Peer 1: 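Sharing a structure below in structure tokens format, with a few things to ask.
Reminder, nothing fancy here: chain letters follow the sequence lines and each chain counts from 1. Fair warning: this is a prediction, and the values are worked out from it, not measured in the lab.
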There are 2 protein chains.
Amino acid sequence: MIDENPADARLDRAFMALADPVRREIIARLSRGPATVNELAEPFDISKQAVSKHIQVLEHAGLVTRSRDAQRRPVHLDAAALEALTAWIDGYRLIHEQQFRRLDSLLGSLTSTTES
Amino acid sequence: MIDENPADARLDRAFMALADPVRREIIARLSRGPATVNELAEPFDISKQAVSKHIQVLEHAGLVTRSRDAQRRPVHLDAAALEALTAWIDGYRLIHEQQFRRLDSLLGSLTSTTES
DNA sequence: TTGTTATTCAACCCTTTGCTTGATCAACTA
DNA sequence: TAGTTGATCAAGCAAAGGGTTGAATAACAA
């Protein structure tokens, strides 16, 4: 609990990155293809510097990568990183569904006992 | 951009709630069944008040619900809420995969042209 | 009633976030 | 070369997050 393992830190940053509507809109935009900082900033009422920081948060979380095209630094979505998040969530969703199935079978056996 | 729609606010809180390792461990514990605040606090080196706050964050995010049993307030995982998060993520993952498929078919047609 | 257990409220502290503006850097264009 | 465009750095500020301790509340047990 003193220090956090690297996998945990990655999840921290990734979930934190998605906990902001501006950053989620950026992800949404990037799902339709790469874009530059200026293009990404255009729809928002905040400064380009603020958007640049949001992109750095997404990059540090491993959710996007960047390339270079002259002065531009196009941003690309990394879909594999999103997959890691659904994997984490689904781990606990599945356990929960298994419990439902166990409950179902328990109820099933109770019913058959009652009906015998 | 001035005001956020309710669905966005829910996603904010849910992703934010999962961006903390203590809260993720609480989710993990709850996936094995309901637990009281004291039970949930036991593994951690922080005060019960701090854990109580974490649980309130999870509750406000709609990820857990609470019942009553005398002085105890058992916490239950709400798996449906987790599903809403994977749904959001998968929305963009799928778009991305469709683009890959489009690229694949493009490359395929180029190859067949070359091979003809 | 008195005491104990389970949980929350309240006030406070420190660190981090998200934003701003102004300056700087890097790479193109005239 | 000088000017412009694209993006980042830096300093500062208000608000929020996660933690603490001590007091309060609620429901049970003696």
Peer 1: Could you state the atom-to-atom distance from CD of Gln71(B) to P of dG3(C) in whole Å?
Peer 2: 17 Å

Peer 1: CG of Leu85(A) to CG of Leu63(A): how many Å apart, nearest 0.5 Å?
Peer 2: 6.5 Å

Peer 1: Expressed as a whole number of angstroms, how long is the span from Lys53(A):NZ to dG12(D):P?
Peer 2: 13 Å

Peer 1: Under 4.0 Å from OP1 or OP2 of dT7(C): is there any side-chain N or O of Asn38(B) that close?
Peer 2: yes

Peer 1: With Asp69(A), which of Arg72(A), Arg73(A), Arg66(A) fulfils salt bridge (charged side-chain N to carboxylate O under 4.0 Å, His left out)?
Peer 2: Arg72(A)

Peer 1: Rounded to the nearest Å, what distance is computed from the CG atom of residue Asp45(A) to the C1' atom of nucleotide dC19(C)?
Peer 2: 13 Å

Peer 1: Output yes when at least one side-chain N/O atom of Arg23(B) is less than 4.0 Å from OP1 or OP2 of dG18(D), else no.
Peer 2: yes

Peer 1: CZ of Phe15(A) versus P of dG17(D): gap in Å, rounded?
Peer 2: 18 Å

Peer 1: What do you reckon, is CZ of Arg10(A) surrounded by more than 12 foreign heavy atoms closer than 6.0 Å?
Peer 2: no

Peer 1: Side-chain contact, heavy-atom cut-off 4.5 Å: Glu59(A) with Val75(A)?
Peer 2: no

Peer 1: Ignoring the backbone of Arg66(B), work out which of dT8(C), dT8(D), dA27(D) is nearest its side chain.
Peer 2: dT8(C)

Peer 1: Does Thr36(B) put a side-chain nitrogen or oxygen below 4.0 Å from OP1 or OP2 of dA6(C)?
Peer 2: no

Peer 1: For the pair made of CG in Leu58(B) and C1' in dG17(D), what is the distance, rounded to whole Å?
Peer 2: 14 Å

Peer 1: Return yes if the base of dG22(C) and the side-chain atoms of Gln49(A) contain a donor-acceptor N/O pair under 3.5 Å, otherwise no.
Peer 2: yes

Peer 1: How do Asp69(A) and Ser52(B) order along DNA chain C: which one's closest nucleotide is nearer the 5' end?
Peer 2: Ser52(B)

Peer 1: State which of dT20(C), dA6(C), dA7(D) makes the closest approach to the side chain of Val37(A).
Peer 2: dA7(D)

Peer 1: Mind calculating the distance between NE2 (His54(B)) and C1' (dT8(C)) to the nearest angstrom?
Peer 2: 15 Å

Peer 1: For His60(B) and dG17(D), what is the distance between atoms NE2 and P respectively, to the nearest whole Å?
Peer 2: 11 Å

Peer 1: Picking from dT7(C), dC28(D), dA7(D), which would you name as closest to the side chain of Arg73(A)?
Peer 2: dA7(D)

Peer 1: Between atom CG of Leu30(B) and atom CZ of Arg23(B), what is the distance when rounded to the nearest 0.5 Å?
Peer 2: 13.5 Å

Peer 1: What is the distance, to the nearest angstrom, from the CD atom on Glu39(A) to the P atom on dT5(D)?
Peer 2: 16 Å

Peer 1: The side chain of Ile46(A) lies closest to which of these nucleotides: dC19(C), dA7(D), dA27(C)?
Peer 2: dC19(C)

Peer 1: So what does Lys48(A) hit on the nucleic acid, given a heavy-atom distance under 4.0 Å: a base, only sugar-phosphate, or nothing?
Peer 2: nothing

Peer 1: By nearest heavy atom, map Met16(A) and Gln56(B) onto DNA chain C; which one lands nearer the 5' end?
Peer 2: Gln56(B)

